[in-house]
Amino acid sequence: MELREFLSELESAGELQRFTQPISPQFEAASIIARHDGQPVLFDNLPCYPGWQLASGYVAQRSHFARVLGCNVNALVQMMASALAAPNPPPCLTQAPCQEIIETEVNLDRIPIPRYHPMDGGPYITAGVSVIYDPDFGRNISFHRLMRISNDCLVGRIVERRGTHTAWQKFKGELPMAVCIGLPPHVLLAAAMSPPKGVDEVSIAHALAPTPTVRAITAPLEIPAESELVLEGVLTHEMTTEGPFPDLTGTMDGTREQPIFRVTTITHRRNPIFHALLPAGMEHKNLMGMPREPTIYAAVNEVTRCTGVAITPGGCSWLHAVVQIEPQGPGDAHLAIEAAFRGHKNINITVYNNHVF
Ligand SMILES: Cc1cc2nc3c(=O)[nH]c(=O)nc-3n(C[C@H](O)[C@H](O)[C@H](O)COP(=O)(O)O)c2cc1C
C-alpha cells in the first residue's frame with residue numbers, strides 16, 4: 001500500500017490530523033509533531049514549497065504496521081520472524097510513481113527538509129532509506145540521517161561496519177546510492193532490520209507486503225517503486241562535519257567527520273509527501289525496537305515456547321524487552337532471559353511473563 005493511500009485510510013478512520021494553515025518546516029512543523037507525538041499528522045500548506053506535503057507519525061503506533069499487514073498487533077512479531085526467515089524477491093517495474101517527475105537540475109532548497117531543534121547542525125532528512133549495492137553481498141537498504149550542506153550535497157551519518165559503510169569502503173571512487181523518502185510502513189520496518197549480510201531487506205519487505213521496485217534513472221540500483229521522493233547520487237570519499245543532532249535517547253549526539261552524499265538527480269511523485277520523522281519520537285522508537293523483536297523471538301523459541309516479545313519505550317525502545325513464554329519445564333524463565341540477551345545484544349533488562357490462558 002502506497003503512503004498516500006495509507007494516509008487516506010488513517011484519515012477516513014479519524015486517526016490523522018491534517019493542518020491546513022501555513023506551517024514552516026523550520027522548527028514550526030517539528031514543534032507540532034512533538035506535541036502530537038504518537039499521532040499521524042499531515043501538513044498540506046508549506047508556503048515556500050508549493051505542491052509539497054509533510055507527513056509524520058504514521059508509524060508511531062504498532063497498530064499502524066498491523067493495519068498495513070492486515071494482522072493483529074500481537075501477530076506482528078510472528079509476521080516479522082516469517083519474513084526474515086523467507087524473503088521474497090520483488091518484481092522490477094518498467095515505470096513507477098516515484099519517477100513521475102525527473103529533475104536533473106538538482107536544487108535541494110526546493111525540498112521542505114525540516115529543522116527540528118535550534119542546536120541541530122542543519123536541516124535533516126531523518127526518514128531517508130538509502131539503497132546501495134555491495135559487490136559481494138548485493139543490495140542493502142538502511143536508514144542514514146542526512147544533513148543538508150548545500151543545494152546539491154548532504155552529509156550522512158554512516159555507522160561503521162553496517163551495510164552501507166562496508167560497501168563504501170570497498171569503493172575507492174564513489175558509491176552509487178539512492179535515498180528513498182515517503183515509504184510505506186512495511187518498507188520502513190524492513191529497512192530497519194539487520195539480517196545477515198547478503199540478505200536483501202527489500203525482499204523481506206516484499207515478504208511482508210507487495211513492494212515493487214524500479215530501476216533508478218542514473219544509478220545501477222533497483223529501488224522501492226512506491227517512494228514519494230528519491231535522491232539519486234553518489235556517496236563520496238570527501239568528508240565534512242556531520243551533526244550535532246539528537247540520537248534515539250533524545251541526547252544530543254556530537255559531531256563527526258562523515259562522507260558527503262552528492263545528489264545528481266531527483267525524482268518524485270506529483271505533489272510529493274515528505275516524511276519528517278521526529279528524532280527520539282515514537283516513530284524513531286518503533287523503528288529501532290520492533291525489528292529486534294523477531295530476533296529475540298527466534299532465540300527464545302530455541303529454548304522454550306515464546307509467545308510474544310515487546311521492546312518497550314521505557315528503555316528508549318532499545319534497552320528493555322518483555323518476553324512472554326509458555327514454560328515447557330522448570331528453569332525455562334532463566335533460559336528465556338539468557339536467550340533474549342543473545343537475540344538482541346543491547347538490551348540490559350529482560351522481564352519475562354508467563355503466558356496465562
Ligand atoms: C529512524 C532510524 C534512523 C537511523 N539512523 C541511522 C544513521 O543515521 N546512521 C546509521 O548508520 N544507522 C542508522 N540507523 C540504523 C540502521 O538503519 C539500522 O541499523 C539498519 O538495520 C542497518 O542495516 P544493515 O546492518 O543491513 O546495514 C537508523 C535506524 C532508524 C530506524
Side-chain angles (χ1 to χ4, degrees), residues 33 37 55-60 62 64-65 80 83-84 87 114 116 120-122 124-134 136-148 154-170 175 177 179-183 185-205 235 241-261 275-295 311 313 316-318 344-346:
I33 295 167
D37 194 19
S56 190
Y58 68 87
V59 290
R62 282 170 193 264
H64 297 148
F65 297 99
M80 289 189 279
L84 267 165
Y116 290 86
D120 297 350
Y124 261 92
I125 295 174
T126 50
V129 168
S130 298
V131 183
I132 58 98
Y133 188 86
D134 183 298
D136 301 311
F137 301 118
R139 177 168 52 198
N140 188 80
I141 67 168
S142 58
F143 285 84
H144 295 286
R145 69 185 188 214
L146 291 148
M147 183 177 101
R148 192 182 71 205
L154 303 114
V155 54
R157 170 67 182 123
I158 313 294
V159 174
E160 296 68 23
R161 292 187 296 279
R162 288 188 185 152
T164 310
H165 187 263
T166 313
W168 172 72
Q169 279 189 315
K170 291 176 189 170
L175 174 70
M177 184 163 108
V179 176
C180 301
I181 301 160
L183 289 162
H186 71 283
V187 184
L188 298 175
L189 192 58
M193 291 180 182
S194 272
K197 284 209 176 355
V199 178
D200 170 31
E201 291 100 340
V202 185
S203 301
I204 296 176
L235 191 63
T241 307
E242 187 273 333
F245 198 64
D247 68 16
L248 176 65
T249 65
T251 312
M252 214 60 185
D253 198 2
T255 57
R256 300 175 185 82
E257 291 299 290
Q258 291 286 286
I260 293 178
F261 174 55
H275 182 190
L277 177 147
L278 181 74
M282 280 313 297
E283 288 195 294
H284 197 181
K285 289 196 166 77
N286 277 340
L287 288 170
M288 288 300 290
M290 284 178 62
R292 310 299 141 196
E293 292 169 2
T295 62
I311 295 195
C316 297
S317 294
W318 193 243
H344 174 37
K345 305 260 178 315
N346 295 89

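Counting starts at 1 for both ligands and their atoms, following the listed order. Since we're looking at a predicted model, the values are computed, not measured.
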Using modelled atom types only, decide if a donor and an acceptor are shared between the side chain of D120 and the backbone of F245 within a distance under 3.5 Å. no

Would V159 count as a polar contact of ligand 1, with the cut-off being nitrogen or oxygen pairs under 3.5 Å? yes

Nearest non-hydrogen protein atom, atom 27 (O) of ligand 1: G163 N, 2.8 Å

Parallel, tilted or perpendicular: which one describes the rings of Y58 and H275, with boundaries at 30° and 60°? tilted

Give the numbers and elements of all ligand 1 atoms closer than 4.0 Å to a heavy atom of E201. 26 (O)

Is H144 in polar range of ligand 1, meaning some N or O pair under 3.5 Å apart? yes

Does T164 reach ligand 1 with a nitrogen or oxygen that is under 3.5 Å from one of the ligand's nitrogen or oxygen atoms? no

Using a 4.0 Å heavy-atom cut-off, which part of L188 comes near ligand 1: side chain, backbone, both, or neither? neither

Provide, to 0.1 Å, the distance between atom 18 (C) of ligand 1 and the closest protein heavy atom, together with that atom's residue and name. A192 O, 4.2 Å

Who gets closest to atom 21 (O) of ligand 1 by heavy atom: M193, H165, E283? M193

Give the atoms of ligand 1, by number and element, whose distance to some non-hydrogen atom of L287 is under 4.0 Å. 31 (C)

May I ask you to list the atoms of ligand 1 that are less than 4.0 angstrom from any heavy atom of N140? 24 (P), 26 (O), 27 (O)

Give a yes or no answer on whether the side chain of T295 reaches the backbone of H344 with a donor-acceptor pair at less than 3.5 Å. no

Which atoms of ligand 1 are found less than 4.0 Å from any heavy atom of H284? 1 (C), 2 (C), 3 (C)

Polar contact flag for I141 and ligand 1 (N/O pairs, less than 3.5 Å): no

Identity and distance of the protein heavy atom lying nearest atom 29 (C) of ligand 1: M288 SD, 3.4 Å

I'd like the name of whichever of A190, S194, G156, S317 reaches closest to atom 23 (O) of ligand 1 through any heavy atom. S194

What is the closest protein heavy atom to atom 15 (C) of ligand 1, and at what distance does it sit? R162 NH1, 3.4 Å

Could you tell me the residue and atom name of the protein heavy atom closest to atom 3 (C) of ligand 1, and the distance to it rounded to 0.1 Å? F143 CB, 3.7 Å

